[in-house]
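Heads up, the thing below is written out as C-alpha cells.
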Amino acid sequence: MVETYNLTKYYGKTPALQGVSVRIPPGNVGLLGENGAGKTTFLKILLGLLAPTAGSARLLGRDLSDRELRRRVGYMPEEDCLPPDLSPMDFVVRLGRLSGLPYRAAMERAHDVLYLVGLGEERFRPIGGLSAGMKQRVKLAQALVHDPQVVFLDEPTAGMDPQGRDEMLQIIRDLRDKLGIHILLSTHLLLDVERTCDAVVILKEGQVIAQGPLAELLAGLEERVYVRVAGDPHEFAQILQGAGLRAAVVGTEIAIESDAEGLYEIIWKEAAQHHVQIRRLERQGRTLEQLFVRLMSL
C-alpha cells in the first residue's frame, strides 16, 4: 500500500520526520506515536499536501506526483473542518463532484455512503446542528464517496460516545472485509488499533521504532499478572522482588511477568506471610499498550 525510503521533513530547522523507511502492506494498518511523533506530517506527505525535504514515497505502487492517485485516495481529517450551513448530503455530493464524479453518480454515491456510515435519517439536516459523533460520520462519508482504494483516517472516533465508537470501528472493519478498501489509521487510542488493524507502524520523534504485523510484534512480549493490594503497592512489589519475581508498580497496581514457575503460589504465600490483603489478581494477555509503553521508554 505504501513504500517510503529515507523520507525526511524539516519545518525550518525542526525535524518532523527523520529518514522514515517503511513498507506498509495492504489491509488495515495502524499509525501510532505520541504527540509530535510525525504522524500527521507523514499522512500529509502521502496526500501530496506537503513536499518532503528529502527521500521518496510511493502509494499504491505510484509516485506521489501521479495525479491519478487523487482519485484512489480518501482522507478523513482530525480537524473539525465541515461547513455548518450545508447538509451532509450537499457536502458529500460536492466532494464527490470535486473528485471527478458526474452529478448523478455523486448523488447516488452520497446516498450510499451516508447510509453506510449511519446518517441516513440525518443526511438533510444542517451539519452545524449535528453532534460531534455525527460530524465524524460525515467526514468518513466524504472520504468514501469517490470509491477510493485506500483511506487515511486521522482520529476517526474522536468525540464519539461508546456506542458510536463501536459502530465506527465496525464500519472500519467492514471497509476492509466487505469492500476491500485499505485503511491507514492514525490514532492515540491503542484499543481502536487492536480491534481493527492487522499491522502497525510506530513513530517516535520522527523515526520508525517498530513496524510489522501486530501478531508478530505482540508475540515477543510476555504476559503479565496484575495485583492490587490494600496499602502501599511499592512495599509488596519489593517483597515479591525479594522472592525472585520480576515485579514493578504500574499506577496503583503491581505488574508481574508471568513466566515464573509457581507464580500464584508465591504471590499468595508472600501475601499471607506479610499480612498483605490482595484485592485483585488478574492475568492479562499481550496488548498493544504494553508494547507501546515499552517502546516509548527505550
Side-chain angles (χ1 to χ4, degrees), residues 2 9 11 16-17 30-33 35-52 59 64 67 69-101 103 106-107 109-161 164-165 167-169 171-172 175 181-189 192-193 196 203:
V2 175
K9 178 64 180 178
Y11 295 107
L17 295 176
L31 180 63
L32 303 174
N35 287 335
K39 303 187 301 298
T40 299
T41 296
F42 183 74
L43 290 180
K44 288 185 175 180
I45 289 175
L46 294 180
L47 288 164
L49 301 176
L50 288 176
L59 177 60
L64 297 184
R67 291 181 177 271
L69 274 178
R70 303 297 152 254
R71 301 178 184 271
R72 300 169 182 258
V73 180
Y75 176 47
M76 177 182 175
E78 178 182 6
E79 296 82 4
D80 185 2
C81 53
L82 301 173
D85 54 329
L86 293 182
S87 70
M89 187 68 191
D90 289 337
F91 178 65
V92 175
V93 168
R94 293 188 187 198
L95 269 292
R97 297 282 287 129
L98 285 174
S99 298
L101 294 177
Y103 178 75
M107 286 285 292
R109 285 288 302 173
H111 279 288
D112 291 343
V113 295
L114 286 169
Y115 272 101
L116 173 67
V117 303
L119 285 178
E121 299 300 321
E122 292 83 10
R123 66 191 188 279
F124 295 114
R125 290 174 53 188
I127 292 175
L130 299 180
S131 67
M134 290 181 181
K135 290 178 181 178
Q136 290 295 95
R137 295 171 189 261
V138 176
K139 289 195 289 185
L140 179 58
Q142 63 79 28
L144 299 173
V145 66
H146 57 297
D147 194 22
Q149 289 179 252
V150 58
V151 176
F152 298 156
L153 306 178
D154 199 350
E155 300 292 349
T157 61
M160 305 192 84
D161 59 33
R165 180 178 170 220
E167 292 171 354
M168 176 66 79
L169 296 179
I171 293 169
I172 293 172
L175 292 178
I181 297 175
H182 309 306
I183 302 292
L184 185 58
L185 170 61
S186 175
T187 181
H188 292 90
L189 300 177
D192 286 5
V193 174
T196 59
L203 298 175

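Keep in mind that the numbers below use all heavy atoms, side chains included, and drop hydrogens, waters and symmetry copies.
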Inset, instruction - Report, as yes or no, whether the 6.0 Å neighbourhood of atom OH on Tyr11 holds more than 12 heavy atoms from other residues, nucleotides or ligands. - result: yes

Inset, instruction - Evaluate the side-chain proximity of Pro156 to Leu185: yes if any heavy-atom separation is below 4.5 Å, no if none is. - result: yes

Legend entry - Any Thr40 side-chain heavy atom under 4.5 Å of Ser186 side chain: no

Legend entry - Test: Asp154 and Lys39 ion pair at under 4.0 Å: no

Inset, instruction - List the steps and the verdict of side chain to side chain contact (heavy atoms under 4.5 Å, CB included) for Gln149 and Ile181. - result: CA-CA 5 Å; Gln149 289 179 252; Ile181 297 175; over 6 Å; no

Legend entry - Distance-only polar pair, side chains of Arg72 and His146, donor-acceptor under 3.5 Å: no

Legend entry - Presence of salt bridge, Arg137 and Glu167, under 4.0 angstrom: yes

Inset, instruction - Tell me, with the steps shown, if Phe124 and Asp90 meet side chain to side chain contact (heavy atoms under 4.5 Å, CB included). - result: CA-CA 8 Å; Phe124 295 114; Asp90 289 337; over 6 Å; no

Inset, instruction - Using only heavy-atom distances, determine whether the side chains of His188 and Glu155 contain a donor-acceptor pair under 3.5 Å. - result: yes

Inset, instruction - Report the distance from atom CG of Leu116 to atom NE2 of His111, rounding to the nearest 0.5 Å. - result: 14.5 Å

Legend entry - 4.5 Å side-chain heavy-atom contact, Val150 and Ile183: no

Inset, instruction - Please tell me if the side chains of Gln142 and Phe91 come closer than 4.5 Å, counting only heavy atoms from C-beta onward. - result: yes

Legend entry - Side chain proximity check, Leu86 to Arg94, heavy atoms < 4.5 angstrom: yes

Legend entry - Separation between CE of Met160 and CG of Leu189, rounded to the nearest 0.5 Å: 12.0 Å

Inset, instruction - Evaluate the side-chain proximity of Ile127 to Pro84: yes if any heavy-atom separation is below 4.5 Å, no if none is. - result: no

Legend entry - Atom CD of Glu121 with >12 non-hydrogen neighbours under 6.0 angstrom: no

